[in-house]
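Okay, so here's the structure we're looking at.
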Amino acid sequence: MLLATLAAGGQAQNEVAIRRNQVGCYPQQEKVIVVEGMNPSGKIKLTLPDGKVKKPKVTRKATSPWSGKQRYIIDLGQLNTPGDYHLSVGTEQCDLHVAERPYHDIAKASLRLFYLIRSGVAIDQGGAYNRPLGHADTHVMIHNSAASELRKAGTVISSPFGWYDAGDYNKYVVNSAFSIGLMFSAYERQKDYFDHLQTDIPESDNHTPDFLDEMMFNLKWFLTMQDPFDGGVYHKLTTPNFEGFVMPTDCHQPRYVVAKSVTATLDFAAVMADAARLYEPYQQDYPGFSAQAAAMAERAYQWAKEHPNAFYRQEQLKDPSVSTGTYGDGHAGDEFFWAASALYRLTHKPFYLEEARRYQPQRFSVPSWGGVASLGAFEWLNDPQMDALRQPMLQQMMAYCDDAIKGVETSSFQSPFGNKPNDFGWGCLAEKCCCQALVLLMADQLNGNTKYQRYAFQNADYLLGRNATGYCYVTGFGDKSPMHPHHRISAADKVEAPFPGMLVGGPNPGQQDKGSGNLTYPSNHPDESYLDMNESYASNEIAINWNASLVAFLCWLDALTAIEH
Ligand code: 9MR
Ligand code: 9MR
């Protein structure tokens, strides 16, 4: 009988569960746990590292707006001594780790993941995850949608390296540029931290920080994605259809670069402009790169001005038709803003300032692959010399932050993320949870205070276990984390555990994979609509833009103490 009521997550409907951050907390961080399945009043026992026992009280109750589940929020108060704290409620038990640098390992793993998903090289510093070279991409065809006078359809180009996009093996400029742009934004604000972060990659012994070396692995691929004859940038490098769940060496479909698009071209321009600035001091390892990137960025912008309506329309592609990821976006205003802002910052040419003014956003929105206005805003906020649009960008961001933290005190999991139905959807843990927290942390730094820090930590708590499913949503960390992400290499290699440090997309009531995967989700409630199965690409895929937000967020949290100590 009991078995029949078990949900897919292994938890019966009314079973008692303690939801808490499974990775760890700083001594000075707020420590909240959530209990569901029973009223734990008088039954909570907290054993301190020195063996003393406390009986914490329920702080408040909350009812889920979706499942109606009653939850009990318990603020454990000051736990300032690092060590393992033991919690029990009836027969339910768990630990809470308090440490000086609780996020160091997970932050590092989130960045190192990019090494593990490099394409076009053998992976030989990946331990159990080593693998031979696949997808050399030295024989890539110009698809007829991408043909130009001097590069006819069928022309073969070489377009190696770069990271695989996600669970699939294609390389998409829009998403790649967004990922680098987002990580650059965090890098610029925590430079000292990132410049010293060691990730044990083949370039670790050179003169460039590992972080920039990793970004460069993808930028080397970017150098091949611009048509040298007109400056337009191919939307993506792809097979006609998604490959099966096989290793890279078992993939045999032809690879194409397809149609140039205005969005890919502008995202490319923005990232290349940023890169031209950031790699300037590293001529020894990357001679000539800065000048080349700057020139490519300006040409790309020019092409976009001449083709403002060149949106990517996959349904128009024929011979062969293409069915892989679209990263389609019919609005390029935000991409114009980001690229113009980045180019103004690089060149100081009045033309780009005029352009940035023309496309400046009216309100702040968190960064996402299809909404990059905030990356443009960061160009103004991250550089003391960029004052023309600084004030409006800052005001818009503050208004966003003040709005984001409303409702925490009545929320089910004591966090700004996770209370509105549209907090959940494809990739929400990155786009809504991590990115929101990153913005809150940035706002604090810009204002020289710690007004929002507490709320950013709350999103970390949500992400790492204090949530409706009880998953710590980053592979390899916590005591209940995804084991079957929609990630081809993790599924096809012979290693049981998936690559560590991957953030999954997360709960998605859209369940767009239900039909094709013949899947049964354990729940339709927005915050419980998650399935740890290989087939679930709508809730359990991984992707570079998502991991980019994890890197930006968790490295920032880790930097908080790296700098203090
Ligand atoms: O593996 C694909 C994943 O990377 C995409 O995000 C997803 C949506 O475009 O599609 C996945 O591929 C599936 C395809 O769309 C439908 N047939 C099953 C494929 C998964 O094996
Ligand atoms: O992240 C993308 C998400 O916002 C879209 O809703 C979804 C469907 O179009 O596609 C996601 O991106 C996928 C891409 O198209 C192909 N590689 C895997 C990406 C993550 O699922």
Side-chain angles (χ1 to χ4, degrees), residues 113 117 119 135 162-179 181-182 218 235-248 250-251 253 255 258 261 263-264 267 311-315 317 321-331 334 365-372 422-435 473 482 484-492 498-499 502-519 529-531 533-550:
L113 183 269
I117 61 166
S119 78
H135 296 105
W163 309 305
Y164 292 121
D165 183 60
D168 64 316
Y169 289 131
N170 302 304
K171 305 190 290 198
Y172 308 81
V173 169
V174 165
N175 203 39
S176 254
F178 169 76
S179 302
L182 184 66
N218 203 53
H235 194 69
K236 59 177 172 174
L237 188 162
T238 184
T239 48
N241 300 304
F242 285 117
E243 296 280 2
F245 266 60
V246 297
M247 291 298 279
D250 294 325
C251 292
Q253 284 188 55
R255 310 256 285 176
V258 301
S261 74
T263 48
D267 287 341
F311 296 107
Y312 182 65
R313 301 212 195 285
Q314 182 144 288
E315 69 284 0
L317 271 51
S321 57
V322 172
S323 66
T324 57
T326 52
Y327 290 111
D329 177 355
H331 301 274
D334 51 325
S365 53
V366 290
S368 69
W369 66 259
V372 295
N422 68 3
D423 278 354
F424 298 96
W426 204 314
C428 64
L429 294 175
E431 295 182 9
K432 310 282 169 133
C433 183
C434 291
C435 285
Y473 288 113
H484 310 286
H486 186 88
H487 177 232
R488 282 166 172 73
I489 304 176
S490 289
F499 286 4
M502 298 193 293
L503 172 65
V504 297
N508 175 7
Q511 302 181 358
Q512 293 87 339
D513 46 12
K514 203 156 106 179
S516 71
N518 200 15
L519 302 175
S529 190
Y530 169 73
L531 202 48
M533 285 181 64
N534 291 144
E535 293 83 356
S536 183
Y537 53 81
S539 82
N540 208 30
E541 190 162 355
I542 65 105
I544 52 173
N545 55 324
W546 303 342
N547 251 76
S549 74
L550 191 70

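Order of appearance sets the numbers: ligands from 1, and atoms from 1 within every ligand.
Residue Arg488 has at least one heavy-atom neighbour below 4.0 Å for each of these atoms of ligand 1: 1 (O), 2 (C). The contact set between ligand 1 and Phe245, taken as ligand atoms under 4.0 Å from a residue heavy atom, comprises 21 (O).
With sequence neighbours excluded, no residue satisfies side-chain hydrogen bond (donor to acceptor under 3.5 Å, both in side chains) with Ser321. Applying the salt bridge (Lys or Arg N to Asp or Glu O under 4.0 Å) test to Lys236 and every residue at least two apart in sequence or in another chain returns nothing.
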Can you pull every nitrogen or oxygen pair between ligand 2 and the protein closer than 3.5 angstrom?
from: ligand 2; atom 1: 4 (O); to: Trp369; atom 2: NE1; distance (Å): 3.0
from: ligand 2; atom 1: 12 (O); to: Tyr327; atom 2: OH; distance (Å): 3.4
from: ligand 2; atom 1: 17 (N); to: Asp165; atom 2: OD2; distance (Å): 3.0
from: ligand 2; atom 1: 17 (N); to: Asp168; atom 2: OD1; distance (Å): 3.0
from: ligand 2; atom 1: 21 (O); to: Trp426; atom 2: NE1; distance (Å): 3.0
from: ligand 2; atom 1: 21 (O); to: Glu541; atom 2: OE1; distance (Å): 3.0

Could you walk me through whether Ser516 and Tyr537 pass the side-chain hydrogen bond (donor to acceptor under 3.5 Å, both in side chains) check?
CA-CA 10 Å; Ser516 71; Tyr537 53 81; 3.0 Å; yes
Test Ser176 against Asn218 for side-chain hydrogen bond (donor to acceptor under 3.5 Å, both in side chains), laying out the working first.
CA-CA 8 Å; Ser176 254; Asn218 203 53; 3.0 Å; yes
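Aromatic ring orientation, His135 versus Tyr169: tilted (interplanar angle from 30° to 60°).
Under a 4.0 angstrom heavy-atom cut-off, Glu535 registers as lying outside contact with ligand 1.
Pairs of residues two or more places apart, or lying in two chains, that qualify as side chain to side chain donor-acceptor pair (under 3.5 Å) and include a residue from residues 502-515 are Asn508-Gln512, Gln511-Lys514, Gln511-Asn524, Gln511-Ser529, Asp513-Tyr521, Asp513-Ser536.
Panel note: side chain Arg255, backbone Thr239; no donor-acceptor pair is recorded below 3.5 Å.
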